[in-house]
There are 2 protein chains.
Amino acid sequence: MEEPRWLDAEELQTWYTLAGLLVRLPSALDAQLQRDAGISLFEYQTMASLSEAPERSMRMSHLAMLAEGSLPRMSQAVGRLEKRGWVRRTPDPTDGRFTLAILTEAGWEKVRETAPGHVEATRTYVFDPLTRAQARQLTEISRRILRAVDPESRCPGERPAID
Amino acid sequence: MEEPRWLDAEELQTWYTLAGLLVRLPSALDAQLQRDAGISLFEYQTMASLSEAPERSMRMSHLAMLAEGSLPRMSQAVGRLEKRGWVRRTPDPTDGRFTLAILTEAGWEKVRETAPGHVEATRTYVFDPLTRAQARQLTEISRRILRAVDPESRCPGERPAID
DNA sequence: GAACATGGCTTGCATGTTTAAGTAACGACG
DNA sequence: CGTCGTTACTTAAACATGCAAGCCATGTTC
């Protein structure tokens, strides 16, 4: 039962500001996509990931990892996208245990028309208000926190591009 | 229909890392609280806000704003906390339209015993991996993004301390 | 080649959140 | 005073999410 290492005033300041960011930035991006395209950020990221993948297809488990979501969540999300005609599913011919999610032509079109607005929002909210140097610092800061949260995770830049 | 201002490789890098942070940090803090205290981060923030308020009481709407949540969400959350005996509600004697949420003695005790673990987690995930200078930069960066997301919002340090 | 173990995905259930409708209290105007 | 409009909150229904159990295909062991 040791005396906890309380936060000082400056750290408290940082934490409150960061906490606000953690809530408001995702919600703002979600709102833009919901309003302009009728899809959630998670659904957009899912389709965007597929659009960058070879053959525009990917295994469910890989897709879930890329989008930082659980497998059941991804299963439901892809189910919704499938119902709207933007994705279809088929067993992996290589190994029937895997399921391939495939972006349809309509899905690719949807990503194409949704991307500009989303990128614009991201730029408006994140990059426009920061200097180049601050953006770089943000990368380094985020990497450090990510490593502290989950040491297993690969956070360096070896992830294939999505956006 | 103008050509969108796409993100360059460096910006993409920043965005992916930040996106990971936005998902994983809240979820890690939530997990710690759920595991060690059986409450969510939102519930903790609610009780912590009350514990710092005069009379350990606050109007629902003010509480919801402080915790960055909607009013219905706060209503449900306080309902759960009330059922567990940590909070009680009473109409504001000044104006019957407001409802005052009041932290009970048991609730105060709960915050007291939960706070050290939560602060420790916050320190481990956020402050330990950063230098003092980086923490300061993070404050400034978060403020700028918050201003871009919601210009109305008061993000400078004029908020009363909670944690 | 038949039983079993493994791993990937889906489904069902319990919980929490959002949106919208409903309730109650206050103030203003006639 | 009585009604109207506004404000603060709660409740109801639709929906999304995590967890645990089930299902199916594969590879292994004998």
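Throughout, protein chains are lettered first and strands after them, A, B, ... in sequence-line order, and every chain is numbered starting at 1.
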Could you walk me through whether A:L81 and A:E43 satisfy the side chain to side chain contact (heavy atoms under 4.5 Å, CB included) test, starting with their C-alpha distance in whole Å, then the side-chain angles of each, then the deciding distance to 0.1 Å, before giving a yes or no?
CA-CA 8 Å; A:L81 296 174; A:E43 289 166 339; 4.1 Å; yes
Would you call A:K110 and A:E105 a salt bridge, using N to O less than 4.0 angstrom?
no
By nearest-nucleotide position on DNA chain C, the 5'-leaning member of A:Q76 and A:R97 is A:R97
Expressed as a whole number of angstroms, how long is the span from A:D30:CG to D:dA16:C1'?
12 Å
Assess the side chains of B:T17 and A:T139: does a donor N or O sit below 3.5 Å from an acceptor N or O?
no
Would you tell me whether A:D30 and A:Q34 have side-chain atoms, one donor and one acceptor, within less than 3.5 Å of each other?
no
Starting at atom CG of B:D95, determine the distance to atom C1' of C:dA24, rounded to an integer number of angstrom.
11 Å
Distance in angstrom units between B:E43 CD and C:dT17 P, rounded:
8 Å
Quick one: is C:dT15 close enough that its OP1 or OP2 comes under 4.0 Å of any side-chain N or O from B:R73?
no
At less than 4.0 Å, is any side-chain N or O atom of A:S61 found next to OP1 or OP2 of C:dG7? Yes or no.
no
Measure CZ/B:F42 against P/C:dG16 and give the value in whole Å, please.
12 Å
Taking the side chain of B:L71 as its heavy atoms from C-beta onward, which of D:dC9, C:dT18, C:dG16 lies nearest to it?
D:dC9
Let me know the distance between CG of A:L63 and P of C:dG8, rounded to the nearest Å.
15 Å
Measure CE/B:M74 against C1'/D:dT11 and give the value in whole Å, please.
17 Å
Would you say B:S75 reaches D:dT10's phosphate, i.e. side-chain N/O to OP1/OP2 under 4.0 Å?
yes
If I take atom CG in residue A:D92 and atom C1' in nucleotide D:dC24, what distance separates them, rounded to the nearest angstrom?
15 Å
Identify, between A:G69 and A:G96, the residue whose nearest nucleotide on DNA chain D lies closer to the 5' end.
A:G69
If I take atom CE in residue B:M60 and atom C1' in nucleotide C:dA25, what distance separates them, rounded to the nearest angstrom?
16 Å
Between A:R144 and A:E140, does any side-chain N to carboxylate O distance fall below 4.0 Å?
yes
According to a strict under-4.0 Å criterion, is B:S70 in side-chain N/O contact with OP1 or OP2 of C:dT18?
yes
Closest of C:dC9, C:dT10, C:dG16 to the A:R89 side chain is C:dT10
